[in-house]
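Only one structure is covered here, and it is reproduced in the block below.
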Amino acid sequence: VSMNRTHIRTSVGDLAAYFAGADRLIFTTHLTPDADGLGSELALARHLKRSGKNVKILNCSSVPEDMRFLVRSGEITTFLKDKHTQEIMDAQAVVAFDLGATGRLGKMEHVVRSTPAKKILIDHHLFDNDIFDLALLEPEKSSSAEITYDVIRAMGGTIDLELAEPLYVGFVQDTGSFAYNSTSPRVHRIAAELLEAGVNTHRFWRKMNCQKSISRVRLTGHSMSRIAMSCDGRVASVKVDLESLRHRGGEARDAFEDVQ
């Protein structure tokens, strides 16, 4: 059996048609989730629920504190093996967003591998796929949020504020606030549409950049104090270990943010 199933690729239109006839869906994203993964799963789940679909967002990690403003009470559940395994086994499909690598399913990986449900991937990262039956992989896109936008549009969805907000934060995250090379003219056109739906850009800037906890700020200071220079000052590096993170009230995602 081939360990690489990336050839099992689908199109936006075909995936939209599949969702139109599907029910009992489990959505998930990678461990220590970011705004792109969270925003994508929230937007598509909200859209599908409008059509009466049974959709549950079940993530292996809890929602980071600085992203909780996006989520309604009860909208995202953190996976517990004893409590949620059967739901995954009984699902019609498990859909992963912005995964980047199979191992980033974390403690959900074994259950997702075991379920008879169809396994679907929506992602802009390329990686060896040994688990998903259908993969909507578009590495030329800026973000998983951009791909999710296309799927919602292909289903005839209306991008109102309820969908625009999670999609917008996904764009902001994975384009570096519209600064990375992946920021195409189309990305700006979609962003304009999201703003026209009512997204308050200043509110999101404050939420995502100006409301860090004091422990988070101190952790960043600690990391920055450990920067080492090499290659005649051309390379800067810093080593951050999990023990040090946890001692200061942090988690793995915090180290990633410091590197950014």
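Position 1 is the first residue of the sequence, and the numbers go up from there.
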Separation between CD1 of Ile57 and CG of Leu42, rounded to the nearest 0.5 Å: 4.5 Å
Cluster overlap Leu31 with Leu70, hydrophobic side-chain contacts below 4.5 Å: no
Residue pair Ile76 / Leu38: nearest heavy atoms and the distance that separates them: CD1-CD2, 3.8 Å
Minimum-distance pair of heavy atoms, taken over all atoms of Met155 and Ala16: CG-CB, 3.5 Å
Under 3.5 Å: donor-acceptor pair, side chain of Arg226, backbone of Val238: no
Heavy-atom closest pair, residues Ile131 and Asn129: N-OD1, 3.0 Å
The single option from Leu15, Val94, Thr10, Asp133 passing side chain to side chain contact (heavy atoms under 4.5 Å, CB included) against Ile120: Leu15
Side chains of Ser144 and Asp98, donor plus acceptor under 3.5 Å: yes
Nearest non-hydrogen partners of Ser40 and Ala145, listed with the distance: OG-N, 3.1 Å
Heavy-atom closest contact (Ser182 atom, Ser142 atom, distance): O-CB, 3.5 Å
Check: Arg24 main-chain N/O paired with Gln92 side-chain donor or acceptor under 3.5 Å: no
Whether Lys141 side chain and Asp123 backbone form a donor-acceptor pair below 3.5 Å: no
Exam field: side chain Thr28 to backbone Ala96, donor-acceptor pair closer than 3.5 Å: no
Salt-bridge present (Glu165, Arg46; N to O < 4.0 Å): no
Asp174 CG to His124 NE2 distance, which is reported to the nearest 0.5 Å: 4.0 Å
SB check Arg113 Glu109 (cutoff 4.0 Å): yes
Thr29 side chain vs Phe97 backbone, donor-acceptor pair below 3.5 Å: yes
Joint hydrophobic cluster, Val169 plus Trp205, side-chain heavy atoms closer than 4.5 Å: no
Distance (rounded to the nearest 0.5 Å) between Leu99 CG and His30 NE2: 7.5 Å
Under 3.5 Å donor-acceptor, Asn59 side chain and Ser61 backbone: no
Any donor-acceptor pair under 3.5 Å from His47 side chain to Ala43 backbone: no
Atom NZ of Lys49: over 12 foreign heavy atoms under 6.0 Å: yes
Path from Val95 to Val71 over hydrophobic side-chain contacts below 4.5 Å: yes
Polar side-chain atom of Thr115 near backbone of Ile88 as donor-acceptor pair, under 3.5 Å: yes
Check: Asp150 side chain, Arg153 main-chain N or O, donor-acceptor pair, under 3.5 Å: no
Pairwise distance NZ(Lys119) to CG(Leu121) - rounded to 0.5 angstrom: 13.0 Å
Whether Phe178 and Tyr168 hold their rings parallel, tilted or perpendicular, with breakpoints at 30° and 60°: tilted
Common cluster, Ile152/Ile147, ILVMFWY with side-chain heavy-atom separation under 4.5 Å: yes
His188 atom NE2, over 12 foreign heavy atoms within 6.0 Å: yes
Spacing of Met67 atom CE and Met208 atom CE [to the nearest 0.5 Å]: 4.0 Å
Rounded distance (nearest 0.5 Å) linking atom NZ of Lys81 with atom SG of Cys60: 14.5 Å
